[in-house]
Engineer: 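The structure that follows is given in the form of structure tokens.
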Amino acid sequence: MSTSSTAPILPVPLAVPVLPAVHDSGADNAPGVIVVDSCTALGTTLVVRLVGEIDCYSVAPLRALLASAAADGYTGLVLDTAQVTFCDSSLLAVLDWWPRRGRRLTLANRSRAVRRLLTAAAADGSARTAGPAGPRTAAPVGRRTAGATS
């Protein structure tokens with residue numbers, strides 16, 4: 001007498017096939033969403049058009065692109081942000097990182113979201129500007145710096 005059976009462990013009505021998980025690449029739940037729409041080289045200047053939402057999850061491809069460009073000797077960067085619908089301090093970190101070591105940064109076609117972020121950063125005093133002596137912290141809006149005259 002044999003004790004083995006070929007019958008399924010679960011009866012057929014209870015065995016539900018498992019569907020493969022579909023990954024939604026929305027910015028809210030997907031690390032590494034591509035925000036770079038196009039990238040063009042003009043001599044030693046890189047022109048990058050950004051789209052969508054830029055946050056701590058979606059900024060990684062932009063960081064990687066800019067790190068590679070810096071390593072390849074690009075010294076200028078033009079960011080077209082007309083199609084950016086949301087951005088947070090992750091974009092500020094990229095904007096702060098690029099001008100180091102004498103690289104030039106230009107923001108073209110600033111979207112409403114980018115203008116709002118830059119205004120908030122300037123009001124908070126956390127915005128940085130590059131001058132002849134290199135990057136320095138900008139004075140908060142509405143405050144006078146030492147030695148200012150009217």
Side-chain angles (χ1 to χ4, degrees), residues 10 12-150:
L10 294 175
V12 175
L14 295 178
V16 178
V18 177
L19 298 175
V22 177
H23 181 67
D24 177 16
S25 63
D28 290 337
N29 61 0
V33 174
I34 303 295
V35 296
V36 176
D37 185 49
S38 67
C39 180
T40 307
L42 300 172
T44 60
T45 299
L46 203 59
V47 180
V48 179
R49 188 170 71 171
L50 304 175
V51 297
E53 299 181 357
I54 302 173
D55 58 18
C56 63
Y57 296 110
S58 64
V59 77
L62 177 61
R63 278 192 191 136
L65 172 73
L66 297 182
S68 176
D72 288 343
Y74 287 94
T75 58
L77 174 65
V78 177
L79 286 180
D80 181 345
T81 61
Q83 299 298 316
V84 173
T85 57
F86 172 82
C87 54
D88 65 8
S89 62
S90 301
L91 179 61
L92 284 179
V94 169
L95 298 179
D96 185 47
W97 176 81
W98 179 262
R100 295 181 187 170
R101 298 192 181 109
R103 294 185 293 253
R104 298 173 322 279
L105 170 66
T106 304
L107 288 174
N109 304 321
R110 297 175 188 178
S111 70
R112 181 177 179 210
V114 171
R115 288 191 311 268
R116 189 173 37 228
L117 176 68
L118 294 175
T119 300
D124 182 42
S126 61
R128 298 174 74 75
T129 58
R136 62 176 167 33
T137 304
V141 174
R143 285 194 179 168
R144 291 186 177 194
T145 57
T149 58
S150 31

Engineer: Any idea which heavy atoms bring D55 and F86 closest together, and the distance?
Structural biologist: CB-CE2, 4.1 Å
Engineer: Passes side chain to side chain contact (heavy atoms under 4.5 Å, CB included), L79 versus V114? Steps please.
Structural biologist: CA-CA 11 Å; L79 286 180; V114 171; over 6 Å; no
Engineer: Residues in side-chain contact (heavy atoms from CB on, under 4.5 Å) with A41, at least two apart?
Structural biologist: L46, Y74
Engineer: Roughly how far, to the nearest 0.5 Å, is the CG atom of L92 from the CG atom of D124?
Structural biologist: 10.0 Å
Engineer: Between S90 and R63, what is the shortest heavy-atom contact and its length?
Structural biologist: O-NH2, 4.4 Å
Engineer: Can you name the closest pair of heavy atoms from T81 and R110 and give their distance?
Structural biologist: OG1-CA, 3.2 Å
Engineer: Evaluate V94 against I54 for side chain to side chain contact (heavy atoms under 4.5 Å, CB included), listing each step before the verdict.
Structural biologist: CA-CA 11 Å; V94 169; I54 302 173; over 6 Å; no
Engineer: Do any N or O atoms from the side chain of S68 and from the backbone of A64 form a donor-acceptor pair under 3.5 angstrom?
Structural biologist: no
Engineer: Can you name the nearest heavy-atom pair linking V36 to C39, along with the distance?
Structural biologist: CG1-CB, 4.5 Å
Engineer: I'd like to know if the side chain of R49 reaches the main chain of D80, judged simply by a donor and an acceptor atom lying under 3.5 Å from each other, with no hydrogens or angles considered.
Structural biologist: no
Engineer: Applying side chain to side chain donor-acceptor pair (under 3.5 Å), name anything that partners R104, two or more places apart in sequence or on another chain.
Structural biologist: T45, T75
Engineer: Quick one: OG on S38 to CG on L50, what's the gap to the nearest 0.5 Å?
Structural biologist: 8.5 Å
Engineer: I'd like to know whether CZ of R112 has more than 12 heavy-atom contacts from other residues, nucleotides or ligands below 6.0 angstrom.
Structural biologist: no
Engineer: So which heavy atom on A67 is nearest to which on W97, and how close?
Structural biologist: CA-CH2, 3.7 Å
Engineer: Please round to the nearest 0.5 Å and tell me the distance separating atom OH of Y57 and atom CG of D88.
Structural biologist: 10.5 Å
Engineer: Using the side chain to side chain contact (heavy atoms under 4.5 Å, CB included) rule, take L77 and V48 through it: C-alpha gap first, then chi angles, then the decisive distance, then the call.
Structural biologist: CA-CA 8 Å; L77 174 65; V48 179; 3.9 Å; yes
Engineer: Restricting to non-hydrogen atoms, name the atom on C87 and the atom on A113 that form the minimum distance, rounded to 0.1 Å.
Structural biologist: SG-O, 3.6 Å
Engineer: Any donor and acceptor pair, going by atom type alone, linking the side chain of S58 with main-chain N or O of V35 inside 3.5 Å?
Structural biologist: no
